[in-house]
Protein chains: 2
Amino acid sequence: MVLYYSEYNKFLVAVDCIIFGFDGQELKLLLIKRNFPPAKGEWSLMGGFLKKDESLDNAAARVLFKLTGLQKVYLEQLYSYGEIDRDPGERVISAAYYALIKIDEYDEKLLKKYNAKWFLINDFPNLIFDHNIMVNKALKRLKRKAQSQPIGFELLPEKFTIPQLQKLYETIFQKEFDKRNFRKKILGFQVLQKFDEKEKKSSKKGAYLYRFDQDKYNRLIENGYSFEVNV
Amino acid sequence: MVLYYSEYNKFLVAVDCIIFGFDGQELKLLLIKRNFPPAKGEWSLMGGFLKKDESLDNAAARVLFKLTGLQKVYLEQLYSYGEIDRDPGERVISAAYYALIKIDEYDEKLLKKYNAKWFLINDFPNLIFDHNIMVNKALKRLKRKAQSQPIGFELLPEKFTIPQLQKLYETIFQKEFDKRNFRKKILGFQVLQKFDEKEKKSSKKGAYLYRFDQDKYNRLIENGYSFEVNV
DNA sequence: CCAAAAGTGTTCAGCTTACACCCATGA
DNA sequence: TCATGGGTGTAAGCTGAACACTTTTGG
């Protein structure tokens, strides 16, 4: 094999994952307590180094799987961080990804193995390196995306109620919505399929369950339809 | 120095720049004809390899300066590309950046030196590797950003007319606007400062010149003001 | 029977959109 | 004098925002 670029420097490349979950009340963040240097014992995002035989996307999926046991979850590249001294150990370029997971599906044993813990999005410890910056950017991205694309559903179970969905949007946008207007808006998109079943855990009356119809959404999108939640 | 991460693989890291300009009529893209292998003689984005002593942002600024002679221009990270075989020469991770430049300010000699040429945004040659994908993503980003932030001004000279601004938005969004509504909307933001001077190149009557007031915009932003162009 | 959450319609204000004519001037 | 692009106002429709009461049922 001919090496065209042999004169140039090579770098360590990492991926870091900002993992969001929703417990029905609050938006949460999954963090690990590092048990290796540098910054051993401090809180951090889950990360890992890129390997020769994998793409950045695959590396992020691998890291996410390693911690949660989950596959096929919403995972999107956020931003790449390349400041010279961002990692005090050695120079590392890091591609940050954020994931939206259904919080009741993660693997409890793996979380213990990696000293991982869920934190409230507005009450979590200081993180190592530039990880706080990454989390802030991920939150901004989540807000923007959730406004114009139906990604909120990634954080909810397959079947959910309108009040649950509203609570999710309220915690993402840190803002309360009028329930009549919210319901009108969301149902107006015509991408929710209603079940006859009710969810009765959070009220005596019970709330009807719905499901996001991805196929219908895809069809609507092709016709220039737009999903826009007013914040 | 202790090396914590010595067991991991290192990679070549590059930056590629999607450079946009506006000639008063059309949105344009600055491309170079590669005079080095692989893919010698083919059209490509301007790029370069990351050096030990510079951040990703600095590398992108260096590459942009090398080709255009311009500094302090609008330059934003777009996305990082890490597929294994994206560069047939050798494995390279590339961070793509996009730049908005004032088209009459670039350095003609440098463009000649690098075999660079401006192309219309909807009529440019096939590019090497994944550069077409990068350009598409940059275009989408530009559209989104221009809708919610006053970055269009980066593509215009310091003093510009309302019809020029409208033409710019029309070429970015590939859509015509009603001139009365456009003017109303833009002037309604109250961030344009009007001069008594007129620009008389494009009409006999002449059009008043304006300037984007960055300070005023910054002040408005602090108070929750939002710049939103309806498309 | 009562507390707690689910569910439901209407009105008003503001914004977006559509639309047509006069003005200034160089050639 | 005329062709060319610059500049201006108003009315209709739509969308977002505000707002209060009834229903259901477990405890």
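Each chain gets a letter, A, B and so on, in the order its sequence line appears, and its residues count up from 1.
With sequence neighbours excluded, no residue satisfies ring pair (Phe, Tyr, Trp, His ring centres under 6.0 Å) with F22(A). When the ring pair (Phe, Tyr, Trp, His ring centres under 6.0 Å) test is applied to Y97(B), no partner is found at least two apart in sequence or on another chain. Checked against side chain to side chain contact (heavy atoms under 4.5 Å, CB included), N136(A) has no partners two or more places apart in sequence or in another chain.
Counting only residues at least two apart or in different chains, salt bridge (Lys or Arg N to Asp or Glu O under 4.0 Å) contacts with residues 202-215 of chain A comprise E158(A)-R211(A). Screening residues 107-131 of chain B for salt bridge (Lys or Arg N to Asp or Glu O under 4.0 Å) gives R86(B)-D130(B) as the qualifying pairs, with residues at least two apart or on separate chains.
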Heteroatom pairs (N/O) under 3.5 angstrom, protein to nucleotides 17-22 of chain D:
unit_1	atom_1	unit_2	atom_2	d
dA17(D)	OP2	N230(A)	ND2	2.9
dA18(D)	N7	N181(A)	ND2	2.9
dA18(D)	N6	N181(A)	OD1	2.9
dC19(D)	N4	D178(A)	OD1	3.3
dC19(D)	N4	R180(A)	NE	3.4
dA20(D)	N1	R180(A)	NH1	3.2

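Of all nucleotides in DNA chain C, those with any atom nearer than 4.0 Å to a heavy atom of chain B start and finish, going 5' to 3', at dT16(C) to dG26(C).
F124(A) has its ring centre no less than 6.0 Å from the ring centre of F119(A).
Nucleotide dT15(D) holds its C1' atom 15 Å from the CD atom of E228(B), rounded to whole Å. A straight line from CZ of R183(A) to C1' of dG16(D) spans 18 Å, rounded to a whole angstrom.
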Could you list the donor-acceptor pairs under 3.5 angstrom formed between side-chain atoms of residues 222-231 of chain B and any protein atom two or more places apart in sequence or on another chain?
unit_1	atom_1	unit_2	atom_2	d
N223(B)	ND2	R219(B)	O	3.3
Y225(B)	OH	F189(B)	O	3.1
N230(B)	OD1	K185(B)	NZ	3.1

For residues 61-70 of chain A, which side-chain N or O atoms pair as donor and acceptor with protein atoms under 3.5 Å away, sequence neighbours left out?
unit_1	atom_1	unit_2	atom_2	d
R62(A)	NE	E54(A)	OE1	2.9
R62(A)	NE	E54(A)	OE2	3.3
R62(A)	NH2	F49(A)	O	2.8
R62(A)	NH2	E54(A)	OE2	2.5
T68(A)	OG1	L64(A)	O	2.7
T68(A)	OG1	L70(A)	N	3.1

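Residue contacts shown for S202(A) are limited to sugar-phosphate atoms, with no base heavy atom under 4.0 Å away.
K204(A) has no side-chain polar atom (N or O) that falls below the 4.0 Å cut-off from OP1 or OP2 of dG27(D).
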